[in-house]
Protein chains: 2
Amino acid sequence: MSDFAATALLERLSRVIHNDAHASGLKPTQWEALRFLARANRVSRSPGALTGFLGVTKGTVSQTLQALERKGLIEKTTADGDRRGVKLDLTPAGRTLLADDPLTDLDASLAAMPPEARDQLSTSLERLMTEMLARRGGRAFGACRTCRHFTRGHREGAPYFCALLRAPLSREESEQICIEQETTA
Amino acid sequence: MSDFAATALLERLSRVIHNDAHASGLKPTQWEALRFLARANRVSRSPGALTGFLGVTKGTVSQTLQALERKGLIEKTTADGDRRGVKLDLTPAGRTLLADDPLTDLDASLAAMPPEARDQLSTSLERLMTEMLARRGGRAFGACRTCRHFTRGHREGAPYFCALLRAPLSREESEQICIEQETTA
DNA sequence: TCCTTTAGTATCGAGTCGATACTGTCTCAT
DNA sequence: ATGAGACAGTATCGACTCGATACTAAAGGA
């Protein structure tokens with residue numbers, strides 16, 4: 001039982017975050033799914049990608065998505081190009097609900113901290129996250145722009161380009177979460 | 001959607017911790033309960049105290065405790081002095097199981113960090129925790145020794161004393177979690 | 001003594017979650 | 001082209017969480 005102070009604090013903070021996430025008639029997992037879909041790029045808005053992101057089985061994700069659909073927060077359509085796939089999109093109602101995201105509380109608490117302390121925290125958490133992911137072979141799920149397949153100014157219309165999907169990227173897309181993201185080595 | 005980087009990281013870390021906590025046939029909440037009972041002092045090893053610690057309803061706690069009892073990890077006895085109360089204690093099996101605590105992974109990851117980074121993290125998390133608790137009027141659940149009712153050397157046998165419960169405290173007890181704990185102002 | 005508070009349990013309904021089994025769809029090597 | 005296997009999702013089960021509500025029993029006060 002070595003137990004650094006940070007371990008207990010993170011455990012407790014996790015619990016607080018979890019408890020808060022029972023707002024607006026959603027469950028914690030449903031909020032996480034909703035947030036992911038709001039931030040994921042086109043190719044990542046699928047049940048499979050969400051499965052990888054949440055780290056649960058596809059069965060669970062399937063049910064969570066059904067719940068969100070029942071509540072009218074997301075919409076399912078057949079993916080174009082592959083009729084096995086399902087494309088997920090937030091409905092206007094889903095987008096509106098995000099304004100009540102209980103995680104806003106955490107943001108507010110962070111805002112109340114001195115900026116250097118906040119930056120320190122981010123840096124340390126990032127390092128810890130990397131450690132944890134390495135320990136289990138999980139993916140980082142970072143933003144498109146931090147990916148090694150990301151290049152700039154390849155075509156006229158779009159400012160960026162994805163070398164893996166061979167697709168042009170808008171500025172907005174470059175900030176989104178991508179399942180294929182691999183941090184630059 | 002202000003969203004500091006730390007918010008996303010904490011959300012994600014919470015999920016990782018949650019996922020890991022499905023080990024050894026226990027559920028995340030059961031692990032949390034088990035850990036609490038291992039660290040709580042005499043007066044705090046009750047369903048009521050655990051309810052406050054977890055921040056869920058007493059009904060939920062009641063069921064979780066039944067599950068732990070069924071698995072032979074805890075033992076319930078009537079509290080002495082108040083026949084409504086239930087006293088909780090880990091069984092040897094429960095104590096043994098704690099060696100497989102999935103949170104050990106987090107500890108290991110922290111151990112891999114440079115010491116100063118780790119200390120920075122603790123400090124920042126502590127500050128954040130305080131902020132969050134103030135925002136909702138939650139309790140800190142700190143160690144007995146950090147309480148304002150804690151005094152030293154009051155009686156011959158025991159080195160410390162609780163002014164609230166008017167009870168002598170051993171060195172070990174002074175390190176445990178107490179529901180009545182109020183941080184010194 | 002009655003009345004209220006307090007500690008905990010019982011039960012319900014919605015949801016999570018792993019496990020397992022299943023239906024389509026795509027892909028590729030023959 | 002076609003048949004085998006990989007792949008994307010869904011269906012169902014059982015154990016559990018969790019809030020809500022209703023309940024029992026003991027304690028304590030006026």
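Naming convention: chains lettered A, B, ... in sequence-line order (proteins, then strands); numbering from 1 in each chain. In this text, all values refer to a predicted model and were calculated from it rather than measured experimentally.
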key: Members of residues 44-57 of chain A that approach DNA chain C, where some heavy atom sits under 4.0 Å away   = A:Val56, A:Thr57

task = Could you tell me the separation between the CZ atom of B:Arg15 and the P atom of C:dT16, rounded to a whole number of Å?
result = 10 Å

inquiry  = When you measure from the side-chain N and O atoms of B:Gln63 to the phosphate of C:dG8, is any distance below 4.0 Å, counting only OP1 and OP2?
reply    = no

task = Confirm from the modelled atom types if A:Arg84 and D:dC7 form a donor-acceptor pair under 3.5 Å, side chain to base only.
result = yes

key: Nucleic acid contacts - residues 68-76 of chain B versus DNA chain C, non-hydrogen atoms under 4.0 Å   = B:Lys76

Atom-pair distance (CD on A:Gln30; C1' on D:dC18), nearest Å = 13 Å

message = With nearest nucleotide decided by heavy atoms, which residue, B:Val86 or A:Pro28, maps closer to the 5′ end of DNA chain C?
response = B:Val86

ask   = Hey, does B:Thr60 reach any base, or is it just sugar-phosphate, or nothing, if we go heavy atoms under 4.0 Å?
value = base

message = Is it the case that the base of C:dT25 and the side chain of A:Arg83 share a donor-acceptor contact (distance under 3.5 Å, atom types as modelled)?
response = no

The helix from C:dT1-D:dA30 to C:dT30-D:dA1: angle between end helix axes, five pairs per end, rounded to 10 degrees = 10°

query = Does B:Arg15 pair with B:Glu11 as a salt bridge, N-O distance under 4.0 Å?
reply = no

ask   = Between B:Lys58 (NZ) and D:dT24 (P), how many Å, whole number?
value = 14 Å

